[in-house]
Amino acid sequence: MLSSKQCMELEAQYGARNYKPIPVVISKAEGAWVWDPEGNKYLDCLSAYSAVNQGHLHPRIVKALEDQMKTLTLTSRAFYNDRLGKYLKKLCEVTGMEVALPMNTGAEAVETGLKIARRWGYRVKGVQKDHAEIITARNNFHGRTSTIVSFSNDPVARDDYGPFMPGFMTIPFNDADALEKAITPNTVAFLVEPIQGEAGVIIPDEGYLTKVREICTKHNVLFIADEIQTGFCRTGKMFACDHENVKPDMVLLGKALGGGVFPVSAAVTRKDVMDVITPGSHGSTFGGNPLACAVGEASMDVLIDENLAQRSAELGAYFLEGIKKIDFPLFKEVRGKGLFIAVELKEEAGGARKYTELMKEMGILAKETHVHTIRFAPPLIVDKETIDWALEILKKIFT
Ligand SMILES: *Cc1c(COP(=O)(O)O)cnc(C)c1O
């Protein structure tokens with residue numbers, strides 16, 4: 001077996017440098033825990049950016065994958081497969097939507113949402129051809145395609161990838177008035193994360209999503225919620241929009257839909273909106289493949305049957321309180337919803353990286369986001385004893 005050092009050297013030599021990982025190599029995982037080749041054990045507090053909400057190698061999800069692997073793996077959408085319909089039905093039931101379009105990665109689900117919204121704008125709302133506008137929120141993260149980075153304001157993500165896709169504008173997050181002011185007759189959609197994830201777990205004021213819903217309805221604009229990171233119980237409800245009982249017109253899903261074993265994503269919406277999609281006008285070779293369907297179904301079953309929304313709410317509140325009790329003068333803010341928690345450090349702390357590296361030395365893996373913020377998002381199957389253990393370590397680090 002390769003040592004950690006050898007693995008890192010190989011990546012450094014043969015890999016593009018598009019990531020700057022914490023210097024730890026993971027070679028094995030189970031539940032909330034991961035191991036390096038030397039046998040050191042770590043608590044996973046990132047969960048692959050919330051793609052592993054159900055825990056690593058969840059037996060039921062692994063079994064669904066294994067069973068399906070022996071029967072049928074890929075047909076393309078040129079033919080029907082016997083898994084897709086049942087899976088889409090579940091997806092619609094869980095989201096309270098009517099129809100779904102299956103894709104693979106989160107960015108593809110976002111692209112799908114943007115295409116549907118534009119077509120809906122021209123064919124249903126009556127916007128003049130090629131004039132559709134989509135409003136997005138400042139500091140958003142929706143993925144990495146050239147269209148998606150066109151409405152990012154993160155220079156690291158977008159610099160020198162132009163010329164950019166026109167038809168997008170950005171307003172401040174958590175500002176419903178700004179949304180209403182920005183809407184024009186050409187506006188077809190407002191795309192927003194109900195809690196901004198990569199921006200550092202930015203939680204809007206209570207009532208924001210309700211106001212967004214009202215404004216979008218009033219102006220006949222599609223409210224598209226990107227729940228790729230916040231969805232599937234991460235924030236203590238099945239979806240983050242559920243905290244305000246708000247129903248978007250379209251929900252974009254990914255990450256935990258694949259249960260940590262497979263890329264699975266989807267755009268789900270109302271039938272009258274999805275009807276603008278006609279044969280040949282959008283698709284994906286792998287989207288809706290039988291493996292993805294089996295995994296997606298099992299992933300949702302686990303979240304529901306194991307009551308992971310409630311678990312996330314309870315353990316999240318407990319973890320958050322515990323961190324807040326640590327008396328560290330360089331904490332700027334400690335915030336969170338469910339097991340989606342962020343510790344923002346003051347500028348004087350000199351960046352979060354040295355703390356995430358120290359945490360790694362002490363057995364906790366987390367990743368800094370935007371220099372000063374550390375996100376804590378362990379798999380939702382984590383137990384209270386483990387959180388107590390993590391709190392003890394954080395106390396040592398921050399005192
Ligand atoms: C991760 C993420 C995406 C992109 O998903 P990929 O699978 O990496 O393409 C989109 N939106 C949000 C909110 C995300 O967190």
Side-chain angles (χ1 to χ4, degrees), residues 16 18-19 21 46-53 95 101-117 134 136-154 156-158 161 165 168 170 173-174 189-204 209 212 223-235 237-241 248 250-268 284 286-289 292 295-296 299 336-342 366-370 373 375-377:
N18 56 330
Y19 282 90
L46 180 65
S47 305
Y49 300 92
S50 295
V52 195
N53 287 356
T95 54
L101 198 159
M103 299 297 278
N104 312 284
T105 66
E108 287 176 322
V110 174
E111 290 278 351
T112 301
L114 299 174
K115 286 170 85 174
I116 294 171
I134 293 175
T136 63
R138 192 164 301 150
N139 300 329
N140 67 72
F141 181 85
H142 297 288
R144 301 294 197 168
T145 66
S146 43
T147 289
I148 293 171
V149 298
S150 295
F151 49 84
S152 166
N153 61 290
D154 177 1
V156 178
R158 68 175 260 141
Y161 290 137
M165 177 72 115
F168 296 99
T170 298
F173 182 65
N174 193 21
F190 178 46
L191 169 66
V192 69
E193 302 156 82
I195 293 176
Q196 289 189 320
E198 292 315 296
V201 189
I202 309 297
I203 304 164
L209 297 173
V212 166
F223 172 9
I224 306 178
D226 181 345
E227 294 252 20
I228 290 168
Q229 188 161 164
T230 53
F232 296 122
C233 307
R234 172 51 60 192
T235 72
K237 296 265 187 192
M238 181 55 81
F239 298 103
C241 285
M250 189 190 298
V251 185
L252 308 177
L253 301 165
K255 296 206 165 109
L257 184 55
V261 301
F262 212 75
V264 187
S265 75
V268 281
S284 158
F286 289 95
N289 71 75
V295 163
S299 300
K337 209 151 203 172
L339 278 168
F340 202 34
I341 294 171
K367 184 80 168 66
E368 70 282 359
T369 175
H370 287 288
T373 304
R375 171 177 30 194
F376 293 91

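Whatever order the structure lists ligands and atoms in, that order sets their numbers, starting from 1. All values derive from a computational prediction rather than experimental measurement.
- Checking Arg375 against Thr369 by side-chain atom types alone, no donor-acceptor pair falls below 3.5 Å.
- Closest to atom 1 (C) of ligand 1 by heavy atom, among Gln229, Lys255, Glu193, is Lys255.
- Protein heavy atom at the shortest distance from atom 4 (C) of ligand 1 is Ala107 N, 3.7 Å.
- Thr105 and Ser265 are not linked by any side-chain donor-acceptor pair at a separation below 3.5 angstrom, with hydrogens and angles left out of the test.
- Ligand 1 lies nowhere less than 4.0 angstrom from a heavy atom belonging to Glu198.
- The ligand atoms of ligand 1 that sit less than 4.0 angstrom from a heavy atom of Phe141 are 1 (C), 2 (C), 3 (C), 11 (N), 12 (C), 13 (C), 14 (C).
- Applying the 4.0 Å criterion to heavy atoms of Ile228 picks out, from ligand 1, the atoms 2 (C), 3 (C), 10 (C), 11 (N), 12 (C), 14 (C).
- In the model, Thr170 has no side-chain atom that pairs as donor or acceptor with a side-chain atom of Asn153 under 3.5 Å.
- Between Phe340 and Phe376, the ring centre distance reaches or exceeds 6.0 Å.
- Side-chain polar atoms of Thr145 and Glu111 form a donor-acceptor pair below 3.5 angstrom.
- By the 4.5 Å heavy-atom criterion applied to side chains, Asn139 and Ile202 are not counted as neighbours.
- Under the 4.5 Å side-chain criterion, counting only non-hydrogen atoms from C-beta, Asn140 is in contact with Phe151.
- For atom 11 (N) of ligand 1, the closest heavy atom belonging to the protein is Asp226 OD2, 2.7 Å.
- Protein heavy atoms all stay at least 4.0 Å away from atom 8 (O) of ligand 1.
- Using a non-hydrogen distance threshold of 4.0 Å, Tyr49 does not register as a contact of ligand 1.
- The residue among Gly106, Pro194, Gly231, Gly254 with a heavy atom at the shortest distance from atom 5 (O) of ligand 1 is Gly106.
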